[in-house]
Amino acid sequence: MGPIILDGKSLAKGMEPPLAERAARIRERRGRAPGLATVMVGDNPASAMYVRMKGNACRRVGVEPVRIDMPEGSTTAEVIGAVERLNADPGVSGILLQHPLPRHVDEMACFNAISVAKDVDGVCVSSFGMAAMGMEGHRSATSLSIVSILRHYGIPIEGREAVVVGRSPILGKPVSMLLLNENATVTICHSRTVGLPDVVRRADIVVGALGRPRFIKADWVKEGAVLVDAGYNEGNVGDIDLENAAAKSSAYTPVPGGVGPMTIMQLISQTVRAAEMVLGIG
């Protein structure tokens with residue numbers, strides 16, 4: 001029997017009907033659909049494609065996509081100003097600041113300008129802290145999608161050794177906290193980890209979260225490990241060499257069609273929940 005394909009695309013599709021029902025109730029109560037706003041600075045092609053996909057998914061479930069396009073040369077203050085206007089807009093229930101931002105923009109300052117109530121991508125410091133402490137609040141959408149996929153397919157997390165390759169504040173660190181809260185034993189690795197292949201070989205669950213194509217090699221993976229590839233790089237490849245490593249695994253997320261579609265749906269789900277909380281629904 002071959003490995004289980006952790007099909008995030010079909011799982012995300014299954015989330016759409018109940019989300020559409022919830023969005024319709026919100027529209028009935030307040031006279032308009034919940035809005036998910038995306039602030040995009042510059043014209044990164046990969047980011048633009050992701051924003052289009054998110055907009056299409058929003059429309060399918062009755063959430064209003066709001067897109068704010070800003071020029072590449074926008075300053076940190078200008079981006080923060082755009083975020084603050086969205087914070088004050090009652091029609092906007094969720095705010096996504098599309099990353100990466102241009103190098104001259106202080107990304108963390110912009111993330112922290114997002115209202116915690118509207119931080120549906122879980123990127124501000126307060127959201128991270130609440131997630132780490134297991135408190136109610138919005139989660140990193142990609143991290144939440146990873147845990148949701150594992151749960152849906154009955155992949156054991158408790159007591160398992162999870163190795164996360166990547167330590168970014170928007171993925172590597174938050175997914176590590178969510179896995180820790182699920183009672184996994186978590187090791188966070190990065191470019192300065194000594195003996196990285198040997199560390200990865202210990203893992204029952206390997207999470208690729210560093211944004212480097214096929215960085216995690218097949219001979220780093222032990223037989224029967226679960227491979228979660230959260231990378232999406234040029235050429236439609238992830239951070240794990242799935243072409244060679246998937247056969248060694250017990251289960252894996254494909255690229256594309258794994259973590260990505262679920263991330264979009266979790267953004268929308270948290271936007272709907274944010275609107276419900278304002279209205280006192282649920």
Side-chain angles (χ1 to χ4, degrees), residues 15 19-20 22-27 29-41 47 50-51 53-70 74 76-101 105-145 148 169-171 173-174 177-178 262-282:
M15 291 177 65
L19 279 174
R22 291 165 62 192
R25 284 197 296 271
I26 293 165
R27 188 165 55 250
R29 285 279 295 270
R30 72 175 193 177
R32 64 181 299 181
L36 173 54
T38 300
V39 179
M40 183 166 165
V41 185
S47 294
Y50 176 72
V51 171
M53 291 170 62
K54 179 179 61 62
N56 291 336
C58 283
R59 295 182 189 95
R60 289 198 301 271
V61 300
V63 169
E64 181 183 356
V66 179
R67 180 165 170 172
I68 308 297
D69 289 301
M70 303 186 70
S74 299
T76 298
E78 288 169 337
V79 177
I80 289 175
V83 168
E84 289 176 341
R85 287 189 290 275
L86 294 169
N87 285 338
D89 185 344
V92 171
S93 300
I95 300 170
L96 168 67
L97 182 57
Q98 184 61 38
H99 44 79
L101 293 173
V105 176
D106 185 338
E107 188 171 78
M108 190 52 65
C110 295
F111 285 158
N112 285 329
I114 301 172
S115 163
V116 175
K118 298 186 178 187
D119 181 24
V120 294
D121 202 17
V123 292
C124 76
V125 169
S126 294
S127 294
F128 176 81
M130 288 188 290
M133 298 304 293
M135 299 169 63
E136 184 176 355
H138 300 309
R139 303 297 191 241
S140 157
T142 305
S143 303
L144 183 58
S145 76
S148 298
I170 59 173
L171 179 51
K173 291 178 181 177
M177 293 301 102
L178 294 193
M262 273 296 287
T263 296
I264 292 174
M265 206 49 57
Q266 292 294 359
L267 280 168
I268 295 171
S269 177
Q270 294 196 120
T271 299
V272 170
R273 181 59 188 142
E276 289 172 337
M277 291 176 72
V278 170
L279 295 172
I281 300 175

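This structure is a prediction, so every number in the text was calculated from the model and none was measured. Values reported hereafter were calculated over all heavy atoms of this structure, with side chains retained and with hydrogens, waters and symmetry mates removed.
Between M135 and S126, the closest side-chain pair of non-hydrogen atoms is not below 4.5 Å. No side-chain heavy atom of I268 sits less than 4.5 Å from a side-chain heavy atom of M15. V66 places a side-chain heavy atom less than 4.5 Å from the side chain of I68. Annotation: side chain of P65 is not in contact with side chain of L36 (no heavy-atom distance under 4.5 Å). Residues M108 and P169 have side chains in contact (heavy-atom distance under 4.5 Å, counting atoms from C-beta outward). In this structure, the side chains of V272 and S93 stay at 4.5 Å or more apart for every pair of heavy atoms. Counting only heavy atoms from C-beta outward, the side chains of V92 and E64 never approach each other to under 4.5 Å. Side-chain atoms of I264 and M262, non-hydrogen and from C-beta on, never get closer than 4.5 Å to each other.
Rounded to the nearest 0.5 Å, atoms OG1 (T263) and NZ (K54) are 13.0 Å apart. In this structure, S143 OG and D121 CG are separated by 9.0 Å, a value rounded to the nearest 0.5 Å. Between atom CD of residue Q270 and atom OG of residue S140 there is a gap of 8.5 Å, rounded to the nearest 0.5 Å. Note that CZ of R67 and OG1 of T38 are 8.0 Å apart. Values are rounded to the nearest 0.5 Å. Rounding to the nearest 0.5 Å places CD1 of I170 at 13.5 Å from OG of S127. Separating the CD atom in E78 from the OG1 atom in T76 is a distance of 9.5 Å, to the nearest 0.5 Å.
In terms of modelled atom types and a separation under 3.5 Å, the side chain of K118 and the main chain of I95 share no donor-acceptor contact. D119 places no side-chain N or O within donor-acceptor distance of the main-chain N or O of I114, the cut-off being under 3.5 Å. The main-chain N or O of A33 is found under 3.5 Å from a side-chain atom of R30 such that the two form a donor-acceptor pair. A donor-acceptor pair is defined here as one N or O able to donate and one able to accept, closer than 3.5 Å; no such pair exists between the side chain of S269 and the backbone of Q266. Remark: side-chain polar atoms of S148 are paired, donor with acceptor, to backbone N or O of L144 under 3.5 angstrom.
Of all heavy-atom pairs between L97 and L101, the closest is CD2-CD1, 3.8 Å. Scanning all heavy atoms of the two residues, the minimum distance from T271 to G35 falls at CG2-O, 3.7 Å. When all heavy atoms are compared, the tightest approach of Y50 to Q98 is CD2-OE1, 3.2 Å. Here the shortest heavy-atom pairing between A57 and M265 reads CB-CE, 4.3 Å. Heavy atoms only, all atoms of each residue included: E107 and P100 are closest at OE2-CA, 3.9 Å. Nearest heavy atom pair, residue H138 against residue A117, reads NE2-O, 3.0 Å.
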Check step by step if side-chain contact (heavy atoms from CB on, under 4.5 Å) holds for R139 and M177. CA-CA 10 Å; R139 303 297 191 241; M177 293 301 102; over 6 Å; no
Go through the steps for C124 and V116 under the test side-chain contact (heavy atoms from CB on, under 4.5 Å), then give the verdict. CA-CA 7 Å; C124 76; V116 175; 4.0 Å; yes
